[in-house]
Amino acid sequence: MEHHFGQDAAPASGSFDKTRVLNVKPLRTLVPVFPSPSNPASSSAPQGGAPFVCVSPSGPFPSGVAPFYPFFISPESQRLSEQNAQTPTGQRVPATPAAPISTAVPINSFRTPTGATNGDVGTSRRSTRSRGQVAQEDGYSNAVIEEVEADATTVTKRSKRKLQNKIKGPQSVGSGDVDPDAVAADILKSLNPLVFNVLNQPEGSRDSVAYTLMIYEVMRRKLGQIEDSNRAANAVAKRPDLRAGAIMMNKGIRTNSKKHIGLVSGVEIGDIFFFRFELCLVGLHSPSMAGIDYIGTKTSQEEEPLAVSIVSSGGYEDDVEDGDLLIYSGQGGVNRDKGASDQKLERGNLALDNSAHRGNEVRVIRGLKDLYHPTGKVYVYDGLYKIQDSWVDKSKSGFNVFKYKLGRLPGQPPAYMIWKSIQQWTEKSAPRAGVILPDLTSGAEKVPVCLVNDVDAEKGPAYFTYLPNLKNLRPTAPLESSIGCSCVGGCQPNNSNCPCVQKNGGYLPYSSASLIADLKSVIYECGPSCQCPPNCRNRVSQSGLKFRLEVYKTKNKGWALRSWDAIRAGSFICEYAGEVIDSARVEEELGGDNLDDYIFDSTRIYQQLEVFPDDTEAPKIPSPLYISAINEGNVARFMNHSCSPNVLWRPVIHENKNFSDLHIAFYAIRHIPPMMELTFDYGTVLPLKAGHRKKKCLCESVKCRGYFC
DNA sequence: TATCTTCAGCTGTAT
DNA sequence: ACAGCTGAAGATAAA
């Protein structure tokens, strides 16, 4: 980090002169490259004909364009959903028989018939094609699919036995008791078959890692949600993380399953995880609990065991951590029943010893406390280390403990160091370089939002007024008439009488960790007419910013948004604040000089981020919503476009006496490490409206569509 | 095939 | 913070 802003450029807090940045033009990823419609075909494109929109999920893909998300929807389906969304009455328009059938297979085709009936598009295929037929016709055959098809409960004998024991157990009662394996099978069937093509590659890739983690996330959250709603008040919590992980292992939904020393393809240094099973499933660290992973233990060969990876979670005493150095304690010497004892030079300890002698690389995953879930941990993949030294130490209780000193190999991108830096900024033991404003919001948010420029001399983005929420909010007629809840202590997941639970399909939309449980096309939160308190689990998007965000200057994309805190997939990040305007105003603004950069337009068409299987249609909005953040807005106005975004939006409806307060909320698609830019897909206007310009996309993703508009 | 080992992750209870 | 509880994979021992 350069320090050229250190002393002179950063003004004392509170003395910032806003007039100095008054006339700075916003510079974002939005660079108009073509005047409006340069291509007549695209302006009237009857279907997804524009080159930059969507490709069929079944391919072929132009070079550089491939689906990144495990769930897809055809362009026609998107268009239909989009029409549905714009129906003023809020009634869904069924797909007419005359509607063109896509060559793409709608994701709904793979839905089990008993499933919830959202997404009416593509019905004709869904009901008539079995999975087996699809596999034949479209060439989607592969081992995983066949296994899923053959038997939903195909598991190893061992796991089957265990599952049966669980089913017989005393506590699996509940009105809607669901078999986890059946749920898992449903989820797997709802996946885009292309996912399996990626997963079946012997070598892991960025995509296979991303898919694996997303499927795990979906499975874990769904099982947790079901368990949550069925569990009696004082029952012991099951472990959806373990259950989901076991199912994934049994079905072979994993990548890099062959252990090896060194980097893991598709996993990048700096990647973060929130469960040990995630490390396991992507091939970073196989043991589900143990801290040392090693290979070469086959007794037939005389090969000595060698260490592959370690997880440093601070579980053993005397761990000293310092940036690129790590003192790691060996395993053993702790027994639940027998108490403490000397560690032995066997298993992982022996493997580490051998690796030390050979000078082998060892992957290091650092487990840190998760600020937002004090009982949980964040795992940071910190790349390759070498063991520099080892010795035997005495534990506090006087027993022998093996110690290993590991040093990080040079030349690797920073990972854990970023966490250390942020910690120093937090503790004020080191200043954040290039700070222009310590709090852009002037206290309007609960947490400060830093304004930073450590790349050039620009003093800030164009002037605007910070507004934390929506202005001119007009209640609109809801999709369904409804009433507020009367859950005095907050809505409970197992209260099927709560109208807010009912509106969300019988489940609370958020997990106990406030993560979005599965991505519905609309999220119904409690609102002004509900009697539940502000901290109700169903008001997640109403409590303002939670993460410490930072607006910062990029090298080539203008200003952007990122977070000091790690963000778990499914976390609420912020809403799109600004002034609600009507379509006439939108046209007006479009006639202006590129001011549409800060208009949120719900009627745009989005390349579907079908991350969650329950979501097979576009976001469903009772009426079109336009929000202008040109003059007033919040952090959301700084989020840039990307064709491989890590954030998505969903409409959130707050219950308000038979009317709806409509908001746009942003959620993390994946786990987002600190200081990584937050981006979402701006979507596409079809047909192109007069005055609209195509913009060249600078997202630099390998999946980049090239343009957006 | 059964047993053993293991730096998990909850949830509830006492500070 | 802390304790108590249940876990699943993979190595290893036993059969």
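All values below come from the heavy atoms of this structure, side chains included, with hydrogens, waters and symmetry mates left out. Order of the sequence lines sets the chain letters (A, B, ...), proteins ahead of strands, with each chain counted from 1.
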Sub-4.5 Å side-chain heavy-atom contact between A:L406 and A:K386: no
Note: for A:S512 and A:L242 on DNA chain B, the residue whose nearest nucleotide lies more 5' is A:L242
A:L350 atom CG is separated from C:dA11 atom C1', nearest whole Å, by 13 Å
Please state whether the base of C:dG7 and the side chain of A:R239 form at least one donor-acceptor pair under 3.5 Å? no
What integer distance in Å separates A:N250:CG from C:dG10:C1'? 14 Å
Of A:R347 and A:R220, the one whose closest DNA chain B nucleotide lies more 5': A:R347
Check whether any side-chain N or O of A:Y294 sits under 4.0 Å from OP1 or OP2 of B:dT5, and answer yes or no. no
Of all residues at least two apart in sequence or in a different chain, which pass the side-chain contact (heavy atoms from CB on, under 4.5 Å) check with A:Q424? A:S429, A:A430
In whole angstrom, give the distance that lies between atom CZ of A:F273 and atom P of B:dG9. 13 Å
In chain order, what residues pass the salt bridge (charged side-chain N to carboxylate O under 4.0 Å, His left out) check against A:R548, with sequence neighbours excluded? A:D565
When all nucleic acid strands are considered with a 4.0 Å heavy-atom cut-off, which category describes A:K259: base, sugar-phosphate, or nothing? sugar-phosphate
Can you run down the ring pair (Phe, Tyr, Trp, His ring centres under 6.0 Å) pairs that involve residues 243-275 of chain A, sequence neighbours left out, and say none if there aren't any? A:F274-A:H671
Under the ring pair (Phe, Tyr, Trp, His ring centres under 6.0 Å) test, which residues partner A:F666, sequence neighbours left out? A:F680
Examine B:dA8: is either OP1 or OP2 under 4.0 Å from a nitrogen or oxygen in the side chain of A:Y379? Give yes or no. yes
Under-4.0 Å side-chain N/O to phosphate OP1/OP2 contact, A:K377 with B:dG9: no
So which of residues 281-293 of chain A are in contact with DNA chain C, with a heavy-atom cut-off of under 4.0 Å? A:S288, A:M289
Starting at atom CZ of A:R243, determine the distance to atom P of C:dA9, rounded to an integer number of angstrom. 12 Å
Only counting residues at least two apart or in another chain, list the ones meeting ring pair (Phe, Tyr, Trp, His ring centres under 6.0 Å) with A:W564. A:W425
Can you list every ring pair (Phe, Tyr, Trp, His ring centres under 6.0 Å) pair that touches residues 381-407 of chain A, not counting sequence neighbours? none
Salt bridge or not between A:R243 and A:E227? Use side-chain N to carboxylate O under 4.0 Å. no
Assuming nearest nucleotide by heavy-atom distance, tell me which of A:T375 and A:G245 is located more 5' along DNA chain C. A:T375
To the nearest Å, how far apart are A:Y216 OH and B:dA8 P? 13 Å
The criterion is ring pair (Phe, Tyr, Trp, His ring centres under 6.0 Å); which residues satisfy it with A:Y372, sequence neighbours excluded? A:F547
Quick one: A:Q331 CD to B:dC4 C1', roughly how many Å, whole number? 12 Å
Find the distance A:L279:CG to B:dA8:P and express it as a whole number of Å. 9 Å
Taking pairs as Watson-Crick (N1-N3 plus N6-O4 or O6-N4) or G-U wobble (N1-O2 and O6-N3), each distance under 3.5 Å, the stems of three or more consecutive pairs with DNA chain C are B:1-6 with C:8-13, B:8-13 with C:1-6
Does A:R537 qualify as a cation-pi partner of A:Y510, given the criterion of NZ or CZ under 6.0 Å from the six-membered ring centre and within 45 degrees of its axis? no
Expressed as a whole number of angstroms, how long is the span from A:D241:CG to B:dT11:P? 10 Å
